[in-house]
Number of protein chains: 2
Amino acid sequence: MPASKSAPGLESLSVIEPVCAVFRRTLKGAGLKYTLERAQILDSVMRQPGLFHADELIRGLKDEGFRVSKATVYRTLKLMQDSGIIQRVLFDDDDAGRYQVVFGTSAVDLLIRTDNGEAMQIEIPELKAICDRLCESRGLELKGHRLQIFAGPK
Amino acid sequence: MPASKSAPGLESLSVIEPVCAVFRRTLKGAGLKYTLERAQILDSVMRQPGLFHADELIRGLKDEGFRVSKATVYRTLKLMQDSGIIQRVLFDDDDAGRYQVVFGTSAVDLLIRTDNGEAMQIEIPELKAICDRLCESRGLELKGHRLQIFAGPK
DNA sequence: CTTGGTGCAAACATTTTGCAGCACA
DNA sequence: TGTGCTGCAAAATGTTTGCACCAAG
């Protein structure tokens, strides 16, 4: 049940203040605007269960009564990648436009079941240190990582 | 300088015996055939520098004088994924059909430079144990993993 | 021989782009 | 008010599929 049937204003969107701030800052930094459409898309993305399809997102937005074109959604998803809010995800079987929210969570790694394709976000605390050390030894700075573990029944 | 201008026979393809055996076994197991085209594609893939584009591969094959259609290449790449010989790879900026050879190497993880996009294969010995432990605790068996580290200059 | 494989071109699905009008800063 | 933004539909990818003929086992 969409609590906000009529398109919410820029500020009345749900509890996503920090992401929102990050997004606005990134946009402003690039001389871009924080539009109503972008706010709606951000809101919808943050309400996704971690992993989502571009297609689902678009359908979801339409179902909620927003009239955004897929062109705008794709354009915005790209901006959100640049802002470090979301990340694309690739599965072996299916290439489709899958994404995951990575902002504000340390559970960005994925455990994918090889038997049923189910994917869940997991957390591996020690991984960061390993990556850090590896970058350090090459004189680089760690910017992020992405891990997929494939597992099935014994 | 292609040492083999004329299409090589099924057996005279370069030094890729173990992969070849694996591929043939997988195919046979599925009631599929080990054709000349598949042999040529396998050979070409194994001569790639770890990471490659589907497109490059196709162009490379044509340049060497092989007349394989992209349809067959894509069909074969999929079979090679199933055989555990190659794996798809996704980069943020570009979705294109990138793959990497994973057979016979423990350096399947990637360090990607955020400044120039350069990707190199790396090895993280302790990662397997971590993944193993994680699967173990869920009663699953580790089948494999995939890691991308993003790093840039300090 | 029989079953699967191949090339081709058309079909597909997803993402990008050009353009005319609209809206935020 | 002027850039940038939007929707639309068309274009551009990247990948898959139907079909008639060919070839591996």
Side-chain angles (χ1 to χ4, degrees), chain A residues 7-11 13 20 23-42 44 52-59 61-62 65-82 86-99, chain B residues 7-11 13 20 23-42 44 52-59 61-62 65-82 86-99:
Chain A
L10 287 183
E11 295 74 18
L13 292 166
C20 178
F23 195 33
R24 299 184 74 142
R25 192 174 334 121
T26 308
L27 290 173
K28 177 162 282 185
L32 303 177
K33 294 169 183 171
Y34 184 67
T35 65
L36 178 58
E37 286 81 359
R38 287 174 183 170
Q40 292 172 338
I41 294 168
L42 174 64
S44 185
F52 62 95
H53 269 73
D55 214 42
E56 285 169 7
L57 186 76
I58 294 171
R59 201 162 15 255
L61 282 162
K62 304 228 178 205
F66 299 135
R67 285 188 309 90
V68 283
S69 65
K70 64 190 157 109
T72 296
V73 171
Y74 279 115
R75 286 188 274 236
T76 303
L77 287 177
K78 191 161 286 182
L79 291 170
M80 292 175 65
Q81 283 183 70
D82 298 341
I86 60 172
Q87 206 173 60
R88 302 197 64 169
V89 179
L90 174 73
F91 293 90
D92 269 324
D93 43 335
D94 152 82
D95 359 343
R98 310 268 271 264
Y99 296 83
Chain B
L10 285 182
E11 296 74 19
L13 291 166
C20 178
F23 195 32
R24 299 185 72 145
R25 191 175 335 121
T26 308
L27 290 174
K28 176 162 285 184
L32 304 177
K33 295 169 185 175
Y34 184 67
T35 64
L36 178 58
E37 287 81 0
R38 287 173 183 171
Q40 292 172 339
I41 294 168
L42 175 62
S44 185
F52 64 95
H53 269 75
D55 216 41
E56 284 169 9
L57 187 77
I58 294 170
R59 199 158 21 252
L61 282 162
K62 304 227 179 208
F66 299 135
R67 285 186 311 89
V68 282
S69 66
K70 62 186 160 111
T72 296
V73 171
Y74 279 115
R75 286 188 273 233
T76 303
L77 287 176
K78 191 161 286 182
L79 291 171
M80 292 175 65
Q81 283 183 70
D82 297 341
I86 61 172
Q87 205 172 60
R88 302 197 64 169
V89 180
L90 174 73
F91 291 89
D92 269 323
D93 43 335
D94 150 82
D95 358 343
R98 310 267 271 263
Y99 296 82

Atom CD of A:Glu56 and atom P of C:dA13 are separated, to the nearest Å, by 17 Å
Taken to the nearest whole Å, CD/B:Gln40 to P/D:dA24 is 11 Å
As a check of understanding: the bend across the helix from C:dC1-D:dG25 to C:dA25-D:dT1, end axes from five pairs, rounded to 10 degrees, works out to 50°
Taken to the nearest 0.5 Å, the spacing of B:Lys62 NZ from B:Ser44 OG works out to 12.5 Å
For A:Ile41 and A:Val73 the tightest heavy-atom approach is CD1-CA, 3.8 Å
Separation of D:dG4 atom C1' from A:Lys78 atom NZ, nearest Å, is 18 Å
If the cut-off is 4.0 Å, is B:Arg88 near the phosphate of D:dT15, judged by side-chain N/O to OP1 or OP2?
yes
| task | Could you check if a side-chain atom of A:Leu36 sits within less than 4.5 angstrom of a side-chain atom of A:Phe66, using non-hydrogen atoms only? | result | no
A:Arg24 side chain to A:Tyr34 backbone, donor-acceptor under 3.5 Å: no
Check this one for me: any side-chain N or O of A:Tyr74 less than 4.0 Å away from OP1 or OP2 of C:dT15? yes
* Would you sort out whether B:Met80 and B:Leu42 count as a side chain to side chain contact (heavy atoms under 4.5 Å, CB included), showing the intermediate values? => CA-CA 8 Å; B:Met80 292 175 65; B:Leu42 175 62; 3.5 Å; yes
Whole-Å distance, B:Phe52 CZ to D:dG14 C1', equals 15 Å
note: A:Arg24, atom CZ; D:dC5, atom P; distance rounded to Å ~ 14 Å
On a heavy-atom basis, the closest approach of A:Ile86 and A:Tyr99 is CD1-CD2, 3.8 Å
Salt bridge (Lys or Arg N to Asp or Glu O under 4.0 Å) filter on B:Asp55, not counting sequence neighbours, yields B:Arg59
Protein-proximity profile, nucleotides 1-12 of chain C, B/S/- by nucleotide at the 4.0 Å heavy-atom cutoff, equals --BSSSBB----
Between CZ of B:Arg98 and C1' of D:dG14 the distance, given in whole Å, is 14 Å
Here the gap from A:Lys70 atom NZ to A:Arg75 atom CZ, rounded to the nearest 0.5 Å, amounts to 11.0 Å
Separation of D:dA24 atom P from B:Phe23 atom CZ, nearest Å, is 15 Å
From CG of A:Leu77 across to P of C:dT16 the rounded distance in Å is 9 Å
Residues A:Ala54 and A:Leu77: closest non-hydrogen pair is CB-CD1, 4.2 Å
